[in-house]
Protein chains: 2
Amino acid sequence: MALAFLASRPGAFCSVREIVDDLKLPKRLLAEVLKDMSRATLVDATRGPGGGYRLAMDAKTLPLSRVVEVLEGPVSIADCGDGCSLQPSCLIQTGLTQVTASIRKVLDNMTVAELLEQTDTPAAKAILSV
Amino acid sequence: MALAFLASRPGAFCSVREIVDDLKLPKRLLAEVLKDMSRATLVDATRGPGGGYRLAMDAKTLPLSRVVEVLEGPVSIADCGDGCSLQPSCLIQTGLTQVTASIRKVLDNMTVAELLEQTDTPAAKAILSV
DNA sequence: ATAAAATAGCACCAAAATAGTGCCATACAA
DNA sequence: TTGTATGGCACTATTTTGGTGCTATTTTAT
Ligand code: SF4
Ligand code: SF4
C-alpha cells in the first residue's frame with residue numbers, strides 16, 4: 001500500500017507521517033518496513049524536514065516479485081533447499097518447484113503501478129485523479 | 001505428499017502406517033490431516049485391519065486448489081472480507097484480488113496426478129514404476 | 001467372545017512466524 | 001540550536017502452524 005501511495009506521487013519525497021495519515025497504518029510499523037525497502041534500494045530516502053521516501057524507480061518497472069523478495073525473501077511455497085530431511089522420500093518436490101515458478105511468474109507480471117491502476121475503489125481513484 | 005502416494009496406488013486402501021513408513025512423516029500428524037481430508041470427502045476411509053485411505057476420485061481430476069481449500073480454507077493472500085479496517089483507504093484491494101485470482105488459476109491447473117508425474121526424483125520415479 | 005488393527009474426534013501443548021514497540025543515534029533544514 | 005525526519009536494532013506480543021494425548025468406534029481374524 002505504501003509503495004502504491006508513493007507511485008501516485010512520482011518523484012516527491014513523502015514522509016511516513018503523510019503516508020500513514022492517508023492510509024491509516026500503524027506508523028512505527030510502516031517506518032520499519034520502509035527502512036527495509038530503503039536498505040534494499042527499492043526506495044530513496046532523505047532525512048530532516050521535508051524529507052521522506054520516494055520510489056527509486058518507475059513504478060511501471062517494479063514487479064511485485066521484487067517487493068516480495070525484499071520483504072519476505074525468495075518466493076517459495078516449500079523450502080526444499082537448506083537440507084529438508086524429507087527430500088529423499090519426497091514425491092512432489094519437482095512438481096512443487098514448477099508451481100512455485102508459475103506463481104513467481106504471476107508476481108513478475110504485475111507491477112506496483114498496475115496494482116494501483118487496477119484498483120477501482122474510491123480511495124484508489126481519488127489518489128489517481130490528483 | 002500423502003495424496004501423491006495414494007495416487008500411485010489407485011483404488012487400494014493404504015493405512016497411515018504404510019504411508020509414513022514410505023514417506024517418513026510424523027505419524028500422528030499425517031493421521032490428523034487425513035482425517036480432515038476424509039471429512040471433506042477428498043479421500044475414502046475404511047477402519048479395521050486392512051483398512052486405510054484411498055483417493056475418493058481420480059487424481060487427474062483433483063486440482064491442487066481443492067486440496068488447499070480443504071486444508072487451509074479459500075485461496076487468498078489478503079483477507080479483505082470479514083471487515084478489514086483498512087479497506088476504506090486501501091489502494092490495492094482490487095489489484096490484489098486479481099493477483100489472487102491468477103494464483104488460484106495456477107493451482108486450478110495442476111492436479112495431484114501431475115504433481116507426482118512432474119517430479120523426477122528417485123523416490124518419485126520408483127513409486128511410479130510400481 | 002476377544003484381541004488387535006485401524007480410523008474418528010477433539011482438546012491441548014509447543015514451536016515458529018508475524019505484527020508491533022522502545023530507545024537512541026544520525027542527518028538535515030530553518 | 002531546535003525540531004523534524006530517517007537509521008538501526010533489540011525487544012515484546014500475538015497469531016499461526018506443527019505436533020501430541022487421550023479416548024471412542026469400527027472392522028477383521030482367531
Ligand atoms: S517439497 Fe519435498 S523436498 Fe521440498 S520441502 Fe516439501 S518435503 Fe522437503
Ligand atoms: S488488501 Fe486492502 S482491503 Fe484487502 S486486506 Fe489488505 S488492506 Fe484490507
Side-chain angles (χ1 to χ4, degrees), chain A residues 1-3 5-6 9 12-56 67-79 82-86 90, chain B residues 1-3 5-6 9 12-56 67-79 82-86 90:
Chain A
M1 284 171 61
L3 291 176
F5 182 92
L6 293 179
R9 305 245 191 302
F13 283 98
C14 304
S15 71
V16 172
R17 162 115 9 222
E18 285 179 72
I19 300 172
V20 300
D21 278 357
D22 246 56
L23 302 183
K24 315 295 184 194
L25 301 168
K27 181 182 173 186
R28 277 293 270 99
L29 181 57
L30 175 59
E32 291 303 315
V33 172
L34 281 168
K35 284 181 210 174
D36 288 342
M37 296 198 286
S38 174
R39 278 187 282 262
T41 71
L42 225 79
V43 298
D44 299 325
T46 63
R47 302 194 233 194
Y53 298 95
R54 74 177 173 198
L55 287 181
V67 179
V68 171
E69 271 158 27
V70 162
L71 295 179
E72 312 186 32
V75 175
S76 98
I77 60 180
D79 230 348
D82 69 24
C84 166
S85 63
L86 302 170
C90 180
Chain B
M1 282 171 61
L3 290 176
F5 181 93
L6 293 179
R9 306 245 191 300
F13 283 98
C14 304
S15 71
V16 172
R17 162 126 300 144
E18 287 178 73
I19 300 173
V20 300
D21 279 355
D22 247 55
L23 303 184
K24 316 296 184 193
L25 302 169
K27 182 182 172 186
R28 275 297 264 95
L29 181 58
L30 176 58
E32 291 302 317
V33 173
L34 281 167
K35 284 180 213 175
D36 288 343
M37 296 199 284
S38 175
R39 278 187 281 262
T41 73
L42 226 81
V43 297
D44 298 327
T46 64
R47 302 195 235 196
Y53 297 96
R54 74 176 174 199
L55 288 180
V67 179
V68 170
E69 270 158 27
V70 162
L71 296 179
E72 313 185 32
V75 175
S76 97
I77 58 179
D79 230 349
D82 71 24
C84 167
S85 62
L86 301 171
C90 180

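Quick note on labels: first sequence line is chain A, next is B, and so on, each numbered from 1.
- In this entry the distance linking CE of M37(A) with P of dG8(D) reads 14 Å, nearest Å.
- The side chain of P26(B) has dG19(D) as its nearest neighbour among dG19(D), dT6(D), dC10(C).
- The distance from atom CE of M37(A) to atom CG of L3(A), rounded to the nearest 0.5 Å, is 4.0 Å.
- The CD1-C1' distance, from I77(B) to dT18(C), rounds to 17 Å in whole Å.
- Counting to the nearest Å, the P atom of dA19(C) and the CG atom of D79(B) are 13 Å from each other.
- Following rounding to the nearest Å, D21(A) (CG) and dA5(D) (P) show an atom-to-atom distance of 10 Å.
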Let me check something: any side-chain donor-acceptor pairs from residues 39-50 of chain A under 3.5 Å, sequence neighbours excluded? List them with distances.
from: R39(A); atom 1: NH2; to: D36(A); atom 2: OD1; distance (Å): 2.8
from: D44(A); atom 1: OD2; to: R54(A); atom 2: NE; distance (Å): 3.3

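- Looking at heavy-atom distances under 4.0 Å, R39(B) makes contact with sugar-phosphate atoms alone, never a base.
- Closest non-hydrogen pair, C14(B) versus L6(B), comes out as CB-CD2, 3.8 Å.
- When all heavy atoms of G52(B) and F13(B) are compared, the pair lying nearest together is O-CD2, 3.4 Å.
- Distance from the side chain of S15(A) is smallest for dT6(D) among the nucleotides dT20(D), dT7(C), dT6(D).
- In this entry the distance linking CD of E18(A) with P of dA5(D) reads 8 Å, nearest Å.
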For residues 17-25 of chain B, which side-chain donor-acceptor pairs fall under 3.5 Å, sequence neighbours excluded?
from: E18(B); atom 1: OE2; to: S15(B); atom 2: N; distance (Å): 3.1
from: K24(B); atom 1: NZ; to: D21(B); atom 2: O; distance (Å): 3.1

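- DNA chain D is contacted by both G48(B) and C14(A); C14(A) maps to the nucleotide lying nearer its 5′ end (nearest heavy atom per residue).
- Of the side-chain N and O atoms in S38(A), one or more sit less than 4.0 angstrom from OP1 or OP2 of dG7(D).
- The distance from atom CG of L25(A) to atom P of dT21(C) is 12 Å, rounded to the nearest whole Å.
- Across the protein-nucleic acid pair, R47(A) atom CZ and dA5(D) atom C1' stand 9 Å apart, rounded to whole Å.
- Rounded to whole Å, atom P of dT21(C) lies 12 Å from atom CG of L30(A).
- Position along DNA chain C of the nearest nucleotide to P49(B) versus Y53(B) favours P49(B) as the more 5'-ward residue.
- In the set dG8(D), dT7(C), dG18(D), dG8(D) carries the atom at the smallest distance from any side-chain atom of E32(A).
- Proximity note for K35(A) (side chain, C-beta onward) versus dG8(D), dT6(D), dA5(C): the nearest is dG8(D).
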